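This report concerns only the one structure given below.
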Amino acid sequence: MTNSERQSENSVPEAGKHAWFSHDRLGMFIHWGLYALGARHEWLKNREELSDDHYQRYFDNFDPDLYDPKEWARRARLAGMKYVVVTTKHHEGFCLWDSKVTDYKAPNTPCGRDLLTPLVEAFRAEGLKIGFYYSLLDWHHPDFPIDVHHPLRNHPQAEALNAGRNIANYAAYMREQVRELLTGFGRIDIMWFDFSYPGREYCGLPGKGRADWESERLLELVRELQPEIIVNNRLDLPPGKLPDITTPEQYTPRVAPALASQGVLWEACHTFSGSWGYHRDEDSWKSPEQIIQLLIDSVALGGNLLMNVGPTGRGTFDARAIAALEVYQNWMEVNGRSIYGAAPSKFPVPAGCRYTQRGNRLYLHVYNWPYRHIHIEGLADRIAYAQFLHDASEVRWLSHTRDVDSNIGVMVPEGMITLELPVRRPDVTVPVIEIVLKA
């Protein structure tokens with residue numbers, strides 16, 4: 001196989017106007033809203049079945065006086081992230097920008113200002129592409145019918161309360177807000193809608209899907225206003241209308257996702273801890289190895305990783321989030337070329353490892369550090385050179401020979417090579433070996 005054939009075999013499928021997405025691989029998700037003051041999960045209004053009157057305390061006290069989006073953007077860039085997706089409106093219905101169609105927005109809180117514009121400007125100045133998350137749910141809007149996910153789902157008069165609610169009015173409201181988002185902030189690269197649940201009936205209250213959101217009409221508006229934009233897969237579009245990307249959440253797929261038997265661009269979204277919003281008392285933060293492996297696992301299957309930060313009610317990243325971002329920063333500084341522009345490899349991967357590949361550069365990510373040797377199939381007589389990526393130190397290898405003392409020698413079967421490793425693992429969260437293949 002020639003080098004050009006090998007590069008074609010392992011390259012990212014042509015994505016046209018979305019080629020940047022397949023190249024950049026790592027983005028920052030930001031979940032920020034009134035729930036940051038509750039500090040116990042972004043779904044707290046739902047989980048605790050809170051009324052609007054009870055939840056109003058967060059609106060009345062929302063004043064992120066330490067908010068510095070330039071610092072957020074700087075940390076995202078240093079962590080190796082190439083794009084951001086921010087919750088312009090989450091399920092609670094609260095808007096970070098100065099929307100003209102609602103009073104339930106940041107400028108009307110003690111904060112007194114639009115929070116989205118400076119964020120967009122700051123991240124754009126750091127070279128990151130801009131994505132907007134917009135919830136299809138709205139637990140505050142008076143025309144949003146009560147359903148399985150609504151805080152009032154168990155209210156004794158839930159059905160009666162729904163009598164005056166008109167989902168068509170709410171769909172029109174959403175279109176106006178999306179119009180504001182896609183006309184007031186310059187070029188937007190991603191529109192991340194969340195989410196549909198048409199089959200989830202609860203106590204006679206139906207779920208919601210494309211007919212409720214008027215999804216096709218909403219999508220047409222998005223395409224009209226921002227033709228180059230990427231739209232995700234949560235609008236419950238009818239069969240045959242494939243989204244730009246699909247978005248597995250809080251798990252890593254076993255194989256690359258496909259829709260209608262077709263490969264698709266995809267992006268796993270994950271949290272550093274167990275919740276998306278700021279959670280003061282949560283103690284399930286992922287280890288450095290886990291958060292690096294989430295990124296590698298995604299790229300090894302041809303996908304991206306959107307990693308979430310939940311800022312505090314004062315507008316800061318807490319110490320745990322900063323430490324997690326610094327894990328990415330330290331690892332990506334020396335191993336980024338195994339991620340950016342990389343794609344899956346066709347070569348069989350050794351146990352306890354993952355491959356990514358860029359042309360004739362094969363990247364072996366070593367999850368389980370062995371004693372001295374890694375045995376590799378499919379690369380006999382194909383390696384030109386090998387080195388650790390973090391420091392460019394040479395990695396030597398053994399090839400098959402017939403005359404080996406089986407008691408003290410490493411036997412390398414035909415068709416394999418064996419990398420010779422140091423006994424002690426390098427001081428890198430996940431060591432990467434860069435293998436240069438012969439042309």
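Quick caveat, the model's predicted, so the values are computed rather than measured. We number each residue from 1, following the sequence as shown.
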| request: Can you establish whether the number of heavy atoms outside E49 located under 6.0 Å from its atom CD is more than 12? | output: yes
| message | Checking side-chain polar atoms at under 3.5 Å, does N233 have a donor or acceptor matched by the opposite partner on T247? | response | yes
| Y133 side chain to D194 side chain, donor-acceptor N/O pair below 3.5 angstrom | yes
| task | Among L37, V309, T316, D318, find the one that has a side chain to side chain contact (heavy atoms under 4.5 Å, CB included) with Y278. | result | D318
| message | For D103, is there any backbone N or O sitting under 3.5 Å from a side-chain donor or acceptor partner on N108? | response | yes
| query | Looking only at side chains, do E42 and Y35 share a donor and an acceptor under 3.5 Å apart? | reply | no
| Main-chain N/O of G186 paired to Q226 side chain as donor or acceptor, under 3.5 Å | yes
| query | Using 4.0 Å as the upper bound for N to carboxylate O, is an ion pair formed by R187 and D189? | reply | yes
| request: Please test R165 against I167 for side chain to side chain contact (heavy atoms under 4.5 Å, CB included), starting from the C-alpha separation and ending with a verdict. | output: CA-CA 6 Å; R165 300 183 181 223; I167 191 66; over 6 Å; no
| query | Can K82 be said to sit on top of Y340's aromatic six-ring, NZ or CZ under 6.0 Å from centre and within 45° of the ring axis? | reply | yes
| said: A quick test of your reading: do over 12 heavy atoms of other residues, nucleotides or ligands sit less than 6.0 Å from CZ of R223? | reply: yes
| task | Measure the acute angle between the ring planes of F29 and W276, then classify it against the limits of 30° and 60° as parallel, tilted or perpendicular. | result | perpendicular
| task | Consider only side-chain N and O atoms of Y197 and D212, and report whether a donor and an acceptor are under 3.5 Å apart. | result | no
| query | Is a donor on one side and an acceptor on the other found under 3.5 Å between the side chain of R40 and the backbone of G38? | reply | yes
| Short side-chain to backbone donor-acceptor contact, Q290 and S287, under 3.5 Å | yes
| remark: The reported gap from CD in E121 to NZ in K70 (rounded to nearest 0.5 angstrom) is 9.0 Å
| query | Is it true that a side-chain atom of R354 and a backbone atom of A300 form a donor plus acceptor pair closer than 3.5 Å? | reply | no
| query | Once the angle between the rings of Y328 and F272 is folded into 0 to 90°, is it parallel (under 30°), tilted (30 to 60°) or perpendicular (over 60°)? | reply | tilted
| Judged by atom type as modelled, is there a donor-acceptor pair below 3.5 Å linking the side chain of D244 to the main-chain atoms of V231? | yes
| Minimal non-hydrogen separation, M28 against A76, with atom names | CE-CB, 3.6 Å
| Which residue, E267, R25, H23, forms the side-chain hydrogen bond (donor to acceptor under 3.5 Å, both in side chains) with N304? | R25
| Between E71 and R74, does at least one N-O distance fall below 4.0 Å, as a salt bridge requires? | yes
| request: Say whether S99 and Q177, considering side chains only, have a donor N or O and an acceptor N or O under 3.5 Å apart. | output: yes
| Without hydrogens or angle criteria, can the side chains of H91 and S135 be said to hold a donor-acceptor pair below 3.5 Å? | yes
| said: Rounded at 0.5 Å granularity, tell me how far CG in D138 sits from OH in Y170. | reply: 4.0 Å
| query | Of N308, L305, L306, which is the lone residue that meets side chain to side chain contact (heavy atoms under 4.5 Å, CB included) with H270? | reply | L305
| Between P311 and F317, what is the shortest heavy-atom contact and its length? | CG-CE2, 3.8 Å
| query | Taking everything shown except R425 itself, do over 12 heavy atoms lie less than 6.0 Å from its CZ? | reply | yes
| message | With a 6.0 Å cut-off (strictly less than), is the heavy-atom count around CD of E289, excluding the residue itself, greater than 12? | response | yes
| query | Ignoring hydrogens and geometry, is there a side-chain-to-backbone donor-acceptor pair from S215 to L235 under 3.5 Å? | reply | yes
| said: Looking only at the side chains, is there a donor atom on one of S338 and H365 sitting less than 3.5 Å from an acceptor on the other? | reply: yes
| Should we count CG of D65 as having more than 12 external heavy atoms under 6.0 Å? | yes
| message | Any side-chain to backbone donor/acceptor pair from W32 onto T312? Under 3.5 Å, distance only. | response | yes
| query | Is D147 paired with K208 through a side-chain N to carboxylate O contact shorter than 4.0 Å? | reply | yes
| Nearest heavy atoms of R320 and R280, plus distance in Å | NH1-O, 3.4 Å
| said: Please identify which of these residues, V101, V222, L221, meets the side chain to side chain contact (heavy atoms under 4.5 Å, CB included) condition with R179. | reply: L221
| Between W20 and Y83, is a ring-ring contact (aromatic ring centres under 6.0 Å, His included) present by the stated rule, with each step listed? | CA-CA 10 Å; W20 70 266; Y83 59 100; 5.6 Å; yes
| request: Using atom types as modelled and distance alone, determine if a side-chain donor or acceptor of N162 lies under 3.5 Å from a backbone N or O of I146. | output: yes
| field | W43 and W139 aromatic ring geometry - parallel, tilted or perpendicular at 30°/60° bounds | value | perpendicular
| said: Once you measure the plane-to-plane angle for Y355 and F347, does it fall in the parallel (<30°), tilted (30-60°) or perpendicular (>60°) bin? | reply: perpendicular
| Could you state the interatomic distance from CD (E224) to CG (L182), rounded to the nearest 0.5 Å? | 10.5 Å
| request: Using the six-membered ring of Y58, assess whether NZ or CZ of K45 lies under 6.0 Å from its centre and within 45 degrees of the ring axis. | output: no
| field | Y55-E92 side chain donor-acceptor pair, cut-off 3.5 Å | value | yes
| message | Does D391 have more than 12 heavy atoms from other residues, nucleotides or ligands lying within 6.0 Å of its CG? | response | yes
| In terms of side-chain heavy atoms, does Y104 have a donor or acceptor partner in D52 at a distance below 3.5 Å? | no
| field | CG-OG1 distance between L301 and T356, expressed to the nearest 0.5 angstrom | value | 11.5 Å
| query | Going from CZ on F132 to CD on E180, what distance comes out if it is rounded to the nearest 0.5 angstrom? | reply | 11.5 Å
| query | When you measure from the centre of the six-membered ring of W97, is the NZ or CZ of K105 under 6.0 Å away and within 45° of the axis? | reply | no
| Is a side-chain donor or acceptor of E282 paired with a backbone partner of G274 at a separation under 3.5 angstrom? | yes
| task | Examine the side chains of Q56 and D60 and answer whether a donor and an acceptor come within less than 3.5 Å of each other. | result | yes
| So how far is it from I374 CD1 to I376 CD1, rounded to the nearest 0.5 Å? | 6.5 Å
| Ring geometry between H149 and F195 (parallel below 30°, tilted from 30 to 60°, perpendicular above 60°) | perpendicular
